Q: 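Attaching a single structure in structure tokens format; questions to follow.
Note that this is a predicted model, so its numbers are computed, not measured.
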Amino acid sequence: MSKYMVLLYAAESGMPRPGTSEFDAQNAAYNAVYENFAKRGAFVSGDPLSPSGSATSVRVRDGRRQDTPGPAARSDEQLIGYYVLECKDQQEASELAAMIPAAQVGTVEVRPVVQM
């Protein structure tokens, strides 16, 4: 079994707002995915992230730290959450990633974690 970082990207502007039936439906869909992953023994960890506007990008150049408000990269889709999954191979990790609701409206990136 190997670990895979699964990064969820979607346009924040299109995300349902808390207190709406769409938000509740989205949460139910993510809860079902979590339960499925946990039942399979694949779930290691995962959480939604605060909006990208709350991010701080930190760089060190010439020994000086530079803090910049916002995400490291600007794009139409923002990083909205992540999972760490334990799977037998990349194919299984990709199959599970396809079950995540973000895959239907954005992009789910699956990347093997390097074992050190």
Side-chain angles (χ1 to χ4, degrees):
M1 300 291 275
S2 298
K3 288 184 183 173
Y4 292 85
M5 175 62 78
V6 181
L7 303 169
L8 287 57
Y9 294 90
E12 290 174 336
S13 61
M15 302 293 290
R17 300 290 173 222
T20 65
S21 60
E22 292 84 4
F23 183 81
D24 294 341
Q26 174 183 273
N27 282 347
Y30 276 99
N31 189 47
V33 166
Y34 161 75
E35 289 178 9
N36 182 327
F37 292 175
K39 183 186 235 182
R40 293 170 181 256
F43 182 82
V44 176
S45 66
D47 283 300
L49 299 174
S50 296
S52 60
S54 67
T56 299
S57 297
V58 179
R59 294 172 178 85
V60 177
R61 300 294 184 268
D62 298 321
R64 294 179 50 179
R65 189 182 86 207
Q66 302 169 349
D67 293 357
T68 306
R74 308 256 188 245
S75 82
D76 293 337
E77 296 178 339
Q78 294 77 40
L79 182 61
I80 62 166
Y82 72 95
Y83 289 98
V84 176
L85 301 178
E86 199 157 53
C87 301
K88 65 181 178 185
D89 56 26
Q90 181 89 28
Q91 181 176 343
E92 180 184 24
S94 294
E95 288 171 3
L96 295 181
M99 296 178 187
I100 299 170
Q104 298 174 21
V105 297
T107 305
V108 176
E109 179 180 345
V110 178
R111 201 183 291 192
V113 173
V114 176
Q115 301 300 312
M116 305 281 290

Q: Counting C-beta onward and ignoring hydrogens, is there a side-chain heavy-atom pair between Tyr82 and Asp47 closer than 4.5 Å?
A: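 When only atoms from C-beta onward are counted, Asp47 and Tyr82 do touch, with a gap below 4.5 Å.
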Q: Sub-3.5 Å donor-acceptor pair from the side chain of Asp62 to the main-chain atoms of Arg64, do we have one?
A: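 Side chain of Asp62 to backbone of Arg64, a donor-acceptor pair under 3.5 Å: no, none is there.
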Q: Keeping the roles fixed (side chain from Tyr83, backbone from Tyr34), state whether a donor-acceptor pair exists under 3.5 Å.
A: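 No, because the side chain of Tyr83 does not come within donor-acceptor range (under 3.5 Å) of the backbone of Tyr34.
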Q: Testing the basics here: between Val110 and Ala97, what is the closest heavy-atom pair and its distance to 0.1 Å?
A: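 Looks like CG2-CB, 3.5 Å.
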Q: Could you pull out all residues at least two apart from Lys39 that satisfy side-chain contact (heavy atoms from CB on, under 4.5 Å)?
A: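 Counting only residues at least two positions away or on another chain, Lys39 forms no side-chain contact (heavy atoms from CB on, under 4.5 Å).
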Q: Quick one: closest heavy-atom pair of Ala29 and Pro101, and the distance?
A: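 The answer is CB-CG, 3.8 Å.
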Q: Using 0.5 Å steps for rounding, measure from the CG atom of Leu96 to the CZ atom of Phe43.
A: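 The CZ atom of Phe43 is 12.5 Å from CG of Leu96, to the nearest 0.5 Å.
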Q: Is it true that Ile100 and Tyr9 fall in one hydrophobic cluster, defined by side-chain heavy atoms closer than 4.5 Å?
A: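 The answer is no; the residues belong to distinct hydrophobic clusters.
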Q: Looking just at side-chain N and O atoms, do Glu22 and Gln26 make a donor-acceptor pair shorter than 3.5 Å?
A: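 There is no such pair between these side chains.
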Q: Mind checking the CD-OH spacing from Glu86 to Tyr4? Nearest 0.5 Å is all I need.
A: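 So the gap between those two atoms works out to 10.5 Å.
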Q: Taking the side chain as every heavy atom from C-beta outward, state whether Leu49 and Ile80 have any atom pair closer than 4.5 Å.
A: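 Sidechains of Ile80 and Leu49: no contact.
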Q: Say whether, by atom type as modelled, one donor and one acceptor occur between the side chain of Ser54 and the main chain of Pro51 under 3.5 angstrom.
A: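 Side chain of Ser54 to backbone of Pro51: a pair is present.
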Q: Could you check whether any side-chain N or O of Glu12 sits under 3.5 Å from a backbone N or O of Gln78, counting only pairs where one atom can act as donor and the other as acceptor?
A: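 Side chain of Glu12 to backbone of Gln78, a donor-acceptor pair under 3.5 Å: no, none is there.
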Q: Report the distance from atom CE of Met99 to atom CD of Gln104, rounding to the nearest 0.5 Å.
A: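 It comes to 12.0 Å.
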Q: So if you build clusters from Ile, Leu, Val, Met, Phe, Trp, Tyr with side-chain heavy-atom gaps below 4.5 Å, do Val6 and Phe37 land together?
A: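 Per the 4.5 Å side-chain linkage, Val6 and Phe37 are co-clustered.
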Q: Which atoms form the tightest heavy-atom contact between Ala103 and Ala98, and what is the distance?
A: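 So the minimum-distance heavy-atom pair works out to CB-O, 4.1 Å.
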Q: Answer yes or no: is there a side-chain heavy-atom contact under 4.5 Å between Arg59 and Arg65?
A: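 They are not in contact (no side-chain heavy atoms under 4.5 Å apart), so the answer is no.
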Q: I'd like to check Leu8 versus Tyr30 (side-chain heavy atoms, cut-off strictly below 4.5 Å). Are they in contact?
A: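 A side-chain contact under 4.5 Å exists here.
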Q: Return yes when atom CG of Asp76 has more than 12 non-hydrogen atoms of other residues, nucleotides or ligands closer than 6.0 Å, and no otherwise.
A: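 Open.
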Q: Could I get the full list of side-chain contact (heavy atoms from CB on, under 4.5 Å) partners for Arg74, not counting sequence neighbours?
A: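 Scan of Arg74 (side-chain contact (heavy atoms from CB on, under 4.5 Å), adjacent residues dropped) gives Pro71.
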Q: Rounded to the nearest 0.5 Å, what separation is found between the CG atom of Asp24 and the CG atom of Asn31?
A: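 Between Asp24 CG and Asn31 CG, I get 12.0 Å after rounding to 0.5 Å.
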Q: Would you compute the distance between atom CD of Gln115 and atom NZ of Lys3 and round it to the nearest 0.5 angstrom?
A: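 Rounded to the nearest 0.5 Å, the CD-NZ separation comes to 6.5 Å.
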Q: Supply the atom-to-atom distance Glu77 CD to Glu109 CD, rounded to the nearest 0.5 angstrom.
A: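 Between Glu77 CD and Glu109 CD, I get 11.0 Å after rounding to 0.5 Å.
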